[in-house]
Protein chains: 2
Amino acid sequence: MKPTIKDVAKLANVSISTVSRVMNSPDSVVESKKVRVLDAIDKLKYKPNALARGLIYKKTNTIGVIIPDIRNPYYADIIRGMEDASKKLGYSLIICNTDRDKKRLFSYLNNFYEKQIDGILYTSDPVFPDYYHELQRLRMPIVLVSTHSMEYDLPSVKINDEQAAYDAVKFLIDSGHRKIGMIAFELTDGIAGWTRYHGFVRALREHDLEECKDNVVFVEGWTYETPDAAASTLLSKCPDLSAVFTVSDELAIGLLCYLNEQGIKVPEQISVIGFDNIRLAKLTVPKLTTVAQPTYEIGYRSVEKLNAIIEQQEDPVLREYLPHEVIERASTRRLNR
Amino acid sequence: MKPTIKDVAKLANVSISTVSRVMNSPDSVVESKKVRVLDAIDKLKYKPNALARGLIYKKTNTIGVIIPDIRNPYYADIIRGMEDASKKLGYSLIICNTDRDKKRLFSYLNNFYEKQIDGILYTSDPVFPDYYHELQRLRMPIVLVSTHSMEYDLPSVKINDEQAAYDAVKFLIDSGHRKIGMIAFELTDGIAGWTRYHGFVRALREHDLEECKDNVVFVEGWTYETPDAAASTLLSKCPDLSAVFTVSDELAIGLLCYLNEQGIKVPEQISVIGFDNIRLAKLTVPKLTTVAQPTYEIGYRSVEKLNAIIEQQEDPVLREYLPHEVIERASTRRLNR
DNA sequence: TACCAATATGGTACCGCTTACATAAATCGG
DNA sequence: CCGATTTATGTAAGCGGTACCATATTGGTA
């Protein structure tokens, strides 16, 4: 049986409140007793029971993280950032993978509530009305990570997806490309779908390339198993593309794979730019040009933000946007000069 | 404030014990009251406090997971397997990333202890003596995942790494390769280093190819940033290799990248076989031949095993080995016939 | 209708800890 | 050296539940 505060008190021959004081306000207990208590704690290897403490303080120092698909390497650095910030602020993370299944999500939220978690980090997915109402019902502090909500006043941290997509496409245009295609997420995806497509179109329009705006194939959700299919559809629809903007690195890698099988050279015949800058992007053949999200920072910042809310420090900015960056590698070619 | 059992009791006009009974042994309470209680629960959206329950039951239905490097895609499916099994058995997972830092590890173990976690899943890393003693001290059920210990009697689930490496190399040999190299983890890594190198050597010896056994470059830990360096060292040391066995898919992808830069064709000039079968292995250029670990099953099984230990169901097999499989894709060539 | 067994319900101690309150010990000036 | 004030320690209530035990209620039988 694990030693309790009683065992320590008995061994040190003091009352349990004295033991408690030694741990929480050591200055208020006289030196001689403090030593005895500390000795006993050490001898018994006593550690306070976080359940009992949590019951009193109404704080568990635990944060629940909702992730739609943990297999997506995009989350790796987000989680690391969250981890590091949590460690700094004294939280642990409960990470839950929903597979984008509403039942699973709700069951996890329920579990969070019962476990008296201090706050929720909700990543990537849009906040649908029923999700929102459930969240409201639970009244738990929440921060949206790599997603946000325009309908509801929920705090969030992410990049500016529209601008990032714009910058990616503008990079291609500035490199001299005029026949540009896109592999996009469905428009119903308000976070990474509609916004990135919108950025694509805006860049085209501003450079009088509006005829390209239908060179798009939409993939459903984050379907991963068939990126070749998307690539093949796009290429047969628009055979004369000189560059493709792909809305995730994983899709870009699928495209690279498909082009290679078709004997189409990258970047000589077609340039490819991805999105996310996952760890493997620098090891593809050829190395992938992409727009980098500050994933680690997004994770880190989201925990800080959640903490501020938990501690009731009024946070000035509701929706935060972190800077992105185009990383040029070898999968894109500059046609001019 | 969250509603408590008292609020429910008051609203339903019964005692708290009756409410408790409705939740735990509903048959023992008369229909009319049960309905009233259920109504009150519903009206107040009451959910029992898991902290209070945990205090009594001495069970939190929470499992702590220790992962050395969450960025490694190898863990993605392990975690999914763990998740699914946890869901089935009613646990939640607290996932912690140690970055292979002893201080972090110990701090997490400590946190697990305080949070009264039911058991630990310890992945990948060897169990050093001081780790073992710490684990002993904490007396928490533990299962080693993708690692095991010959010194200590700790339950584990993993593949047979020696045999898997043997099979990978034998696959190359059976394909007609005679000049085989290896990119290995250091021998001090008793799990994925020494064993896989041993499997490599055994395959060579059994096929009279012992002269190849020095065609090896060892990479330190899971260093990821410089797989090109390892590739370059190996190739300059042994320029006439026809096949390379690489001890992880990420290293294989790095090798692919390096060979491409050098203008060396895969698999025409050099065949490459990886290890792990991560999700991206089927999207490399060319698609990667590799030995597949049943990662999802390893994760799933490890939770089942841990649960058996927690529930004191004596588990017959201490060290479990799950089957692996060579997956032939396009990065290897058959020289014979 | 009275009596007893079976069943339903309420009261309460307790899980491990914190904290307000009461009490005992220590400190101090006059 | 004593009474007042400060400081240290113990006692007990309570956080939100469960479970044991003791009543209260019910129902069947004589």
Side-chain angles (χ1 to χ4, degrees), chain A residues 1-38 40-41 44-62 110-118 138-139, chain B residues 1-38 40-41 44-62 110-118 138-139:
Chain A
M1 212 61 247
K2 291 181 181 175
T4 74
I5 198 169
K6 271 191 198 154
D7 302 314
V8 176
K10 205 177 299 168
L11 184 60
N13 201 31
V14 295
S15 75
I16 59 167
S17 30
T18 302
V19 178
S20 178
R21 273 183 209 104
V22 170
M23 311 202 69
N24 298 304
S25 49
D27 296 340
S28 73
V29 27
V30 88
E31 193 61 24
S32 64
K33 287 195 180 162
K34 186 166 23 183
V35 172
R36 260 156 56 203
V37 170
L38 255 16
I41 286 177
L44 296 171
K45 307 288 178 204
Y46 167 75
K47 301 264 159 57
N49 182 324
L51 295 182
R53 281 191 143 165
L55 203 48
I56 295 161
Y57 288 136
K58 299 184 185 318
K59 178 137 200 259
T60 51
N61 295 308
T62 309
N110 192 55
N111 188 252
F112 286 170
Y113 183 88
E114 291 187 8
K115 286 231 164 85
Q116 314 294 117
I117 266 176
D118 297 328
L138 302 177
R139 293 166 185 281
Chain B
M1 211 61 248
K2 292 178 181 177
T4 73
I5 197 169
K6 271 188 197 155
D7 302 314
V8 177
K10 204 177 301 168
L11 185 61
N13 201 29
V14 296
S15 74
I16 58 168
S17 7
T18 303
V19 178
S20 179
R21 271 183 212 107
V22 170
M23 312 202 68
N24 299 302
S25 50
D27 296 340
S28 71
V29 27
V30 89
E31 194 60 24
S32 66
K33 290 198 177 160
K34 184 162 33 180
V35 171
R36 260 156 55 205
V37 170
L38 256 14
I41 286 177
L44 296 171
K45 307 292 178 199
Y46 166 75
K47 302 263 158 60
N49 183 323
L51 296 181
R53 279 191 145 162
L55 246 194
I56 296 161
Y57 288 137
K58 297 180 184 325
K59 180 138 197 260
T60 52
N61 296 309
T62 309
N110 191 54
N111 188 253
F112 286 172
Y113 183 88
E114 291 186 10
K115 286 231 165 86
Q116 314 295 117
I117 265 176
D118 297 328
L138 301 178
R139 291 167 186 280

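Only this structure's heavy atoms are used, side chains among them; waters, hydrogens and symmetry mates stay out. In this text, all values refer to a predicted model and were calculated from it rather than measured experimentally.
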Could you give the [atom1]-to-[atom2] distance, from [X] to [N], as a whole number of Å?
X      : N      : atom1 : atom2 : answer
B/E31  : C/dT9  : CD    : P     : 11 Å
A/I56  : C/dT18 : CD1   : P     : 6 Å
B/I5   : C/dG10 : CD1   : C1'   : 13 Å
B/K58  : C/dC14 : NZ    : P     : 13 Å
A/N24  : C/dG16 : CG    : P     : 17 Å
B/Q116 : C/dC17 : CD    : C1'   : 11 Å
A/Y46  : C/dG16 : OH    : P     : 10 Å

State, to 0.1 Å, how close [X] and [Y] come at their nearest heavy-atom pair, and which atoms those are.
X     : Y     : result
B/P26 : B/K34 : O-NZ, 3.3 Å
B/A12 : B/A40 : CB-CB, 4.0 Å
A/K6  : A/I16 : CA-CG2, 3.9 Å
A/T4  : A/D7  : N-OD2, 2.7 Å
B/P3  : B/K45 : CG-O, 4.2 Å
A/T60 : B/L51 : CG2-CD1, 3.7 Å

Is there side-chain contact between [X] and [Y], with at least one heavy-atom pair below 4.5 Å?
X      : Y      : answer
A/V14  : A/R36  : yes
B/I5   : B/M23  : no
A/N110 : A/E114 : yes
A/L38  : A/I41  : yes

Sugar-phosphate, base or nothing in reach of A/K2, heavy atoms under 4.0 Å: nothing
Sugar-phosphate only, base, or nothing, as touched by B/T4 at under 4.0 Å among non-hydrogen atoms: sugar-phosphate
Span of DNA chain D in contact with chain B (heavy atoms, under 4.0 Å): D/dC15 to D/dC20
Which residue lies more 5' along DNA chain C, comparing A/A52 with B/S28 via nearest heavy atoms: B/S28
Residue pair B/S17 / B/S20, side-chain donor-acceptor N/O under 3.5 Å: no
Give me, pair by pair, the N or O atoms of the protein and of nucleotides 20-27 of chain C that are less than 3.5 Å apart, along with how far apart they are.
none

Heavy atoms from other residues, nucleotides or ligands near NZ of A/K10 exceed 12 (cutoff 6.0 Å): no
Closest to side chain of A/Y57, choosing from C/dC17, C/dT18, C/dT9: C/dT18
Contact residues, residues 6-15 of chain A to DNA chain C [heavy atom, < 4.0 Å]: A/K6
5'-most by nearest nucleotide on DNA chain D - A/K33 or A/I16: A/K33
